[in-house]
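Report on the following structure.
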Amino acid sequence: MIGWAKAAMPHLIVVPIVLPLATAALMLFVAERRRRLRAALNVCSCVAALAVAIALLLVVDERGAAAVGVYLPANWPAPFGIVLALDRLSAMMLVVTGVIAVAAVIYSVARWDRAGVHFHPLFQLQLMGVNGAFLTVDLFNLFVFFEVLLAASYGLLLHGSGAARVRAGLHYIAVNLFASSLFLVGVAVLYGAAGTLNLADFAARIPQVAAADRPLLHAGAAILAVAFLAKAAMWPLNFWLVPAYSAAGAPVAALFAILTKVGVYAILRVWTLFFGIDAGESAHFGGAALTWIGMASLAVASIGMLASHHPGRLAAWGVVISSATLVTAIGFARPLLTAGALFYLVGSTFALAALFLLVELIDRAREVEPKVPVDDVDPMPFSVEYIERPDSNLDEDESVLIGRIIPGALAFLGLAFVACALMIGGLPPLSGFLGKVAMLSSALAPEPELASDPLSAPGIAALAMVVVLIGSGFLSLVGLSRAGIRYFWAPQERAAPRLRLIETVPIATLLVLCALLTIRAEPVMRYAAKTAQALHQPAAYVDAVLTARPVERR
């Protein structure tokens with residue numbers, strides 16, 4: 001597979017964009033009533049895109065930390081033409097997106113794709129926008145892909161209709177239109193300061209920007225950062241996320257778990273290129289602001305998690321916690337801290353997607369009413385003979401608890417919820433704990449090569465991050481535990497829900513991947529460390545983009 005991927009590498013880079021676009025276009029020629037065919041096309045496209053993403057990741061990983069693949073769609077060199085570039089970070093994000101997309105689309109086939117029209121084409125268009133944002137090397141094209149994914153997300157959010165979705169959708173659209181307007185303003189200001197929109201070309205020009213133009217450069221970067229932070233759901237522009245995500249359908253909300261990571265990716269990519277160690281007077285501009293905004297968002301989201309009762313709102317606040325943790329780590333500009341954040345990103349995104357899928361099943365379990373009197377309901381799927389003893393544990397109805405079998409559906413829901421809670425709270429033995437330990441270790445034991453940086457010593461910012469990160473994990477665990485007690489432990493006179501295999505497999509797969517991240521933590525962390533090192537030393541990325549030559553026409 002790696003050999004084939006190597007040979008096709010230049011053309012495979014564009015496949016994650018072209019494949020969903022072509023699939024969505026093909027679906028428009030399939031009548032809406034033929035939903036099974038549309039669903040089959042969607043599933044096949046998502047699986048194929050995931051296979052391509054894995055192949056690209058394997059090739060990039062084999063080529064080393066500085067490996068960068070470049071594709072020129074218009075056959076014009078940078079910075080004049082559109083450029084797509086694949087490095088370790090882009091490949092990782094493509095794989096994460098592919099995994100969540102496959103899980104969400106398989107889950108949707110059970111019934112959610114029939115709740116409205118055009119679900120499958122919108123799903124593919126959103127994947128096109130997300131993948132394009134991860135691959136583009138141009139600010140304006142980044143804006144275009146943002147708008148593609150947002151336009152598709154508007155339709156997906158309203159899929160299934162309902163007053164709650166419409167109300168949340170209005171706020172969601174308004175905030176994102178505001179952020180998009182800021183995006184354009186920031187791009188215009190940056191173009192006026194540096195005369196280019198290509199990210200690599202911009203990074204090469206920043207050290208030569210005149211002193212008189214540097215305030216304009218910083219102002220444009222600040223405006224652009226506000227747009228990215230709004231899309232990453234950072235406080236105080238994150239009020240739209242919880243109502244929108246908790247109102248969305250289960251597979252839509254699971255796919256939305258990656259959307260805030262697109263904002264985080266944009267911050268990480270643009271900030272490390274523009275204001276890295278080679279940016280001259282602008283080196284590490286805005287890093288402290290990112291750290292403190294991330295910690296403020298983390299604190300607000302933790303309180304929101306503690307104040308929420310419904311699993312859907314808990315999952316939505318968990319998305320904010322995940323994004324805020326990543327933004328906090330990015331601002332420190334430390335490769336080891338960034339590596340821990342990238343490791344945490346993968347596991348937390350999988351867990352949040354699984355929790356969004358799980359929420360609908362939990363709600364369904366609470367809505368199930370027994371068709372016979374409760375006293376006549378056999379609490380077990382098959383007959384078990386109880387042996388009453390004077391010392392037996394009894395419930396409120398004087399029924400023996402020892403030997404009672406938990407129905408399989410409730411057992412699955414409960415165990416899956418516990419696994420999601422452990423991941424989001426950052427507790428062992430799952431990978432959320434390892435990611436947080438890696439970040440905290442780096443914050444308290446800074447790297448020697450960054451000793452000249454004021455943030456390199458474990459000062460106020462680093463200590464505050466430790467406190468907030470541990471505190472958010474504790475508050476998240478309290479909120480999730482309370483919901484678990486309410487939904488699973490408290491006595492309820494309800495029969496066990498009926499779950500379909502096609503609904504449980506995606507959830508189980510995502511949680512198994514979280515477990516595999518723990519088992520295979522060393523190679524994954526090694527990959528994350530190489531990725532972080534390449535991000536904070538972007539010379540190879542810049543050189544690969546600027547030296548890419550068009551194919552000669554014969």
Main-chain N/O of [Y] paired with [X] side-chain donor or acceptor, under 3.5 Å:
X: S246; Y: G312; answer: no
X: T328; Y: M295; answer: yes
X: S323; Y: V320; answer: no
X: R38; Y: M27; answer: yes
X: S431; Y: G347; answer: no
X: T272; Y: R269; answer: yes
X: S108; Y: V105; answer: yes

Within this structure, what is the [atom1]-[atom2] distance for the pair [X] and [Y], rounded to the nearest 0.5 Å?
X: L480; Y: L355; atom1: CG; atom2: CG; value: 7.0 Å
X: L513; Y: T349; atom1: CG; atom2: OG1; value: 12.0 Å
X: Y154; Y: L149; atom1: OH; atom2: CG; value: 9.0 Å
X: L12; Y: L86; atom1: CG; atom2: CG; value: 9.5 Å
X: I470; Y: L475; atom1: CD1; atom2: CG; value: 12.0 Å
X: L139; Y: L224; atom1: CG; atom2: CG; value: 6.0 Å

So do [Y] and [X] actually touch side chain to side chain, heavy atoms under 4.5 Å?
X: I424; Y: S348; result: no
X: I293; Y: W235; result: no
X: L413; Y: F417; result: no
X: V264; Y: I330; result: yes
X: F256; Y: V319; result: no
X: L501; Y: T504; result: yes
X: L229; Y: L237; result: no
X: H310; Y: V359; result: yes

Residue pair [X] / [Y]: nearest heavy atoms and the distance that separates them:
X: Y344; Y: G435; value: CB-CA, 4.2 Å
X: P16; Y: N131; value: O-ND2, 3.0 Å
X: A24; Y: Q124; value: CB-CB, 4.0 Å
X: C420; Y: A351; value: SG-O, 3.7 Å
X: L142; Y: A266; value: CD2-CB, 4.4 Å
X: E503; Y: A110; value: CG-CB, 3.6 Å

Note to self: Are more than 12 heavy atoms, taken from residues, nucleotides or ligands other than R482, located less than 6.0 Å from that residue's CZ atom?
What the structure shows: yes
Notebook entry, point to check: Going through the checks in order, is the side chain to side chain contact (heavy atoms under 4.5 Å, CB included) test met by L361 and Y107?
Noted result: CA-CA 11 Å; L361 301 183; Y107 185 96; 3.5 Å; yes
Next item on the list: For F228, check ring pair (Phe, Tyr, Trp, His ring centres under 6.0 Å) against everything at least two apart and list the hits.
Entry: F183
Notebook entry, point to check: In chain order, what residues pass the ring pair (Phe, Tyr, Trp, His ring centres under 6.0 Å) check against W240, with sequence neighbours excluded?
Noted result: Y172
Next item on the list: Using only heavy-atom distances, determine whether the side chains of K261 and S322 contain a donor-acceptor pair under 3.5 Å.
Entry: yes
Item checked: CA sep, side-chain torsions, deciding dist, call: D87, K530, salt bridge (Lys or Arg N to Asp or Glu O under 4.0 Å) -> CA-CA 11 Å; D87 64 346; K530 292 179 180 178; over 6 Å; no
Note to self: Checking Y527 now: which residues fulfil side-chain contact (heavy atoms from CB on, under 4.5 Å) with it, not counting sequence neighbours?
What the structure shows: L57, D61, R88, A91, M92, T531
Check: Run the side chain to side chain contact (heavy atoms under 4.5 Å, CB included) check on L26 and L41 step by step: do they pass?
Finding: CA-CA 9 Å; L26 180 60; L41 289 173; 4.1 Å; yes
Next item on the list: Test L94 against V52 for side chain to side chain contact (heavy atoms under 4.5 Å, CB included), laying out the working first.
Entry: CA-CA 9 Å; L94 290 176; V52 170; over 6 Å; no
Check: Can you check side chain to side chain contact (heavy atoms under 4.5 Å, CB included) on V102 and V43, steps first, answer last?
Finding: CA-CA 7 Å; V102 171; V43 173; over 6 Å; no
